[in-house]
Amino acid sequence: MSVAPEVATAVEAARLEGHAYIDRLINALLERLDPAPAHAPGSVQYKVPSDDDCRDARNKVGVNLTPEGKEILFRLLDNDAGYNSAGRRMSITQTAVKNRKKDWLAAGGKHREKMFIPYLDTVA
């Protein structure tokens, strides 16, 4: 029995679509059984600072921010904190936040290279 070329083409397309569907199902099953690691081994996990992290005594020396305190303020700015919010959380003035925001922008804003804070960040 001869099959019209259009029918043969349609059957072949259905076969390929069926194979692709089965491949997707098998890949999804494998991913569930052995999920990919959330982060590459050795990568740094930068924590979003909590209110307690912002009030940590290691963030300030007198009235000045330490490098770690400056980094925590930068992370607040990364998360779109305003002058008032960041100032209250860090216990510094809005003017100090405004001045540090200029440093944050000069460093690249949200795209700057983050500093590792040993008591806050982790290595995967």
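All heavy atoms count here, side chains included; hydrogens, waters and symmetry mates do not.
- Rounded to the nearest 0.5 angstrom, Leu105 CG and Arg100 CZ are separated by 13.5 Å.
- Partner of Lys47 under the salt bridge (charged side-chain N to carboxylate O under 4.0 Å, His left out) criterion, chosen from Asp121, Asp53, Asp52: Asp53.
- When atom types are taken as modelled, the side chain of Lys60 and the backbone of Ser91 share a donor-acceptor pair closer than 3.5 angstrom.
- Once rounded to the nearest 0.5 Å, the distance linking OG of Ser50 with CG of Asp56 reads 9.0 Å.
- Using a 4.5 Å heavy-atom cutoff, the side chains of Asn99 and Lys102 are in contact.
- Taken from CZ in Arg55 to CE in Met90, the straight-line distance is 11.0 Å, to the nearest 0.5 Å.
- Heavy-atom contacts from other residues, nucleotides or ligands closer than 6.0 Å to CD of Glu17 number 12 or fewer.
- For the pair Val97/Arg88, no side-chain contact is recorded, criterion being any heavy-atom separation below 4.5 Å from C-beta on.
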With side chain to side chain contact (heavy atoms under 4.5 Å, CB included) as the criterion, how do Asp80 and Lys110 come out once you've worked through the C-alpha distance, each side chain's angles and the decisive distance to 0.1 Å? CA-CA 9 Å; Asp80 300 319; Lys110 290 184 180 185; 3.0 Å; yes
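- Here the shortest heavy-atom pairing between Cys54 and Ile72 reads SG-CG2, 4.0 Å.
- Linking Ile, Leu, Val, Met, Phe, Trp and Tyr whenever their side-chain heavy atoms come within less than 4.5 Å puts Val11 and Val3 in one cluster.
- Here the CG atom belonging to Leu30 is positioned 12.0 Å from the CZ atom belonging to Arg32, to the nearest 0.5 angstrom.
- Among all heavy-atom pairs drawn from Phe74 and Trp104, the shortest one is O-NE1, 3.5 Å.
- Note: Ile92 CD1 to Leu73 CG = 5.0 Å, rounded to the nearest 0.5 Å.
- Using a 4.5 Å heavy-atom cutoff, the side chains of Leu76 and Ser85 are not in contact.
- At most 12 heavy atoms of other shown residues, nucleotides or ligands fall within 6.0 angstrom of atom NZ in Lys98.
- Counting only heavy atoms from C-beta outward, the side chains of Arg112 and Asp78 approach each other to under 4.5 Å.
- No side-chain N or O of Asn59 forms a donor-acceptor pair with one of Glu68 less than 3.5 Å apart.
- Cation-pi check for Arg75 over Tyr46 is not met; the charged atom does not lie both under 6.0 angstrom from the ring centroid and within 45 degrees of its normal.
- Atom OH of Tyr119 sits in a crowded spot, with more than 12 heavy atoms from other residues, nucleotides or ligands closer than 6.0 Å.
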